[in-house]
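Below is one structure, written out as structure tokens, with a few remarks after it.
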There are 2 protein chains.
Amino acid sequence: MVGQDVAECCPALLTAPLDEEQAEAVAKVFKALGDPVRLRLLSMIASRSGGEVCVCDLTPAFDLSQPTISHHLKLLRQAGLIDCERRGTWVYYWLLPEATDRLARVLTRPAGAPPADTADTAATAR
Amino acid sequence: MVGQDVAECCPALLTAPLDEEQAEAVAKVFKALGDPVRLRLLSMIASRSGGEVCVCDLTPAFDLSQPTISHHLKLLRQAGLIDCERRGTWVYYWLLPEATDRLARVLTRPAGAPPADTADTAATAR
DNA sequence: CTTCTATCTTGACGTTCATCGAAACAAGGC
DNA sequence: GCCTTGTTTCGATGAACGTCAAGATAGAAG
């Protein structure tokens with residue numbers, strides 16, 4: 001319905017002010033990543049290069065019940081970060097790399113565009 | 001206490017499973033970005049190339065009270081994304097580019113590295 | 001074919017956390 | 001002194017997180 005997926009927007013966030021709709025679409029994805037459990041789930045799924053992970057391989061890594069894991073997976077799926085398919089008794093999840101690519105692009109600042117002074121790295125370590 | 005800041009970790013999230021502490025540190029920052037108001041604030045601050053924005057320039061863009069804006073700015077600051085300084089009557093905020101750079105790196109997948117293997121988590125499933 | 005078991009999802013409920021505004025407080029300029 | 005700019009505190013409303021119980025789907029056993 002609303003239709004503005006992060007797909008069309010991603011105008012870099014750091015170069016121009018986001019309008020309200022874009023902000024809401026992007027925030028939805030970041031919110032999905034704003035939880036340690038979901039972050040670990042995503043990284044477990046993404047790093048499994050076969051591309052696919054069975055839920056039964058994910059659950060034992062946490063001190064949470066299966067329904068809870070299932071809920072978190074649903075949120076990641078609704079955010080467009082992963083997708084799943086049932087194959088026989090098991091359900092397999094995999095990463096949608098375009099989603100993370102988009103997010104990375106949103107956070108990336110056009111290199112060599114150092115605005116005025118910034119005082120960027122001067123202050124802190126490294 | 002040497003806190004596990006996102007500083008030292010950022011192991012790409014997509015290539016290897018995140019451990020619990022790393023996940024919590026990274027999730028804290030993503031959670032700060034998981035709100036439309038804070039995203040717009042950040043983008044307004046970041047895109048202002050002078051590098052600095054006065055709070056009085058941010059507030060009118062929202063239908064929220066100043067205290068609420070101040071609260072959101074505080075969360076962004078606690079997440080390490082921005083910093084501020086009082087100069088006379090006004091308070092100026094600016095972006096900490098290292099923070100967004102780190103996040104972008106966390107989400108970036110080694111190009112053309114479709115790993116193969118894994119061998120990590122007792123992959124056995126099959 | 002029926003029944004049993006295993007895997008995973010969905011719904012409902014209680015607890016905890018986040019969001020927001022009004023009022024009070026701090027800091028500085030006139 | 002008074003006024004302006006921002007932050008902080010406090011309380012109320014609403015959303016998110018986690019568990020239990022029930023539903024859905026597929027294979028195996030009888």
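Both A/Lys31 and A/Thr68 lie close to DNA chain D; mapped to their nearest nucleotides by heavy-atom distance, the more 5′-ward contact belongs to A/Lys31.
When hydrophobic clusters are built by joining Ile, Leu, Val, Met, Phe, Trp and Tyr residues whose side-chain heavy atoms come closer than 4.5 Å, directly or via intermediates, B/Trp90 is not grouped with B/Tyr93. Hydrophobic clustering (ILVMFWY, side-chain heavy atoms < 4.5 Å, transitive): B/Tyr92 and B/Leu95 are in distinct clusters.
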Considering only distance and modelled atom types, tabulate donor-acceptor pairs under 3.5 Å from the side chains of residues 54-70 of chain B, sequence neighbours left out.
{"unit_1": "B/Thr59", "atom_1": "OG1", "unit_2": "B/Val55", "atom_2": "O", "d": "3.1"}
{"unit_1": "B/Ser65", "atom_1": "OG", "unit_2": "B/Thr68", "atom_2": "OG1", "d": "3.0"}

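Between B/Tyr92 and the phosphate of D/dT5, there is no side-chain N or O to OP1/OP2 separation shorter than 4.0 Å.
Residues satisfying the side chain to side chain contact (heavy atoms under 4.5 Å, CB included) criterion with A/Trp94, sequence neighbours excluded, are A/Glu52, A/Asp83, A/Glu85, A/Leu96.
Within the nucleic acid shown, A/Phe62 has no heavy atom closer than 4.0 Å to any nucleic acid atom.
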Next on the checklist: Run B/Cys84 and B/Val91 through side-chain contact (heavy atoms from CB on, under 4.5 Å) and show every step you take.
Outcome noted: CA-CA 7 Å; B/Cys84 70; B/Val91 176; 4.1 Å; yes
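Think of the region where chain A sits on DNA chain C: with heavy atoms and a 4.0 Å cut, that region ends 5' and 3' at C/dT7 to C/dG11.
Nearest heavy-atom pair, A/Leu33 versus B/Phe30, reported as atom, atom and distance to 0.1 Å: O-CB, 3.6 Å.
The distance from atom NZ of A/Lys28 to atom C1' of D/dA16 is 16 Å, rounded to the nearest whole Å. In this structure, B/Ile69 atom CD1 and D/dT5 atom P are separated by 16 Å, rounded to whole Å.
At a non-hydrogen distance threshold of 4.0 Å, B/Ser70, B/Lys74 from residues 70-77 of chain B come into contact with DNA chain D. Sorted by residue number, the members of residues 81-88 of chain B with any non-hydrogen atom under 4.0 Å from DNA chain C read B/Arg86, B/Gly88.
Pairs of residues two or more places apart, or lying in two chains, that qualify as side chain to side chain donor-acceptor pair (under 3.5 Å) and include a residue from residues 31-44 of chain B are B/Arg38-B/His72.
A distance of 13.5 Å separates CG of A/Leu13 from CZ of A/Arg105, quoted to the nearest 0.5 Å.
B/Ile82 pairs in a side chain to side chain contact (heavy atoms under 4.5 Å, CB included) with only one of the listed residues (B/Val53, B/Leu76, B/Leu41), which is B/Leu76.
Side-chain contact check for B/Leu81 versus B/Ile45: every heavy-atom pair is 4.5 Å or farther apart.
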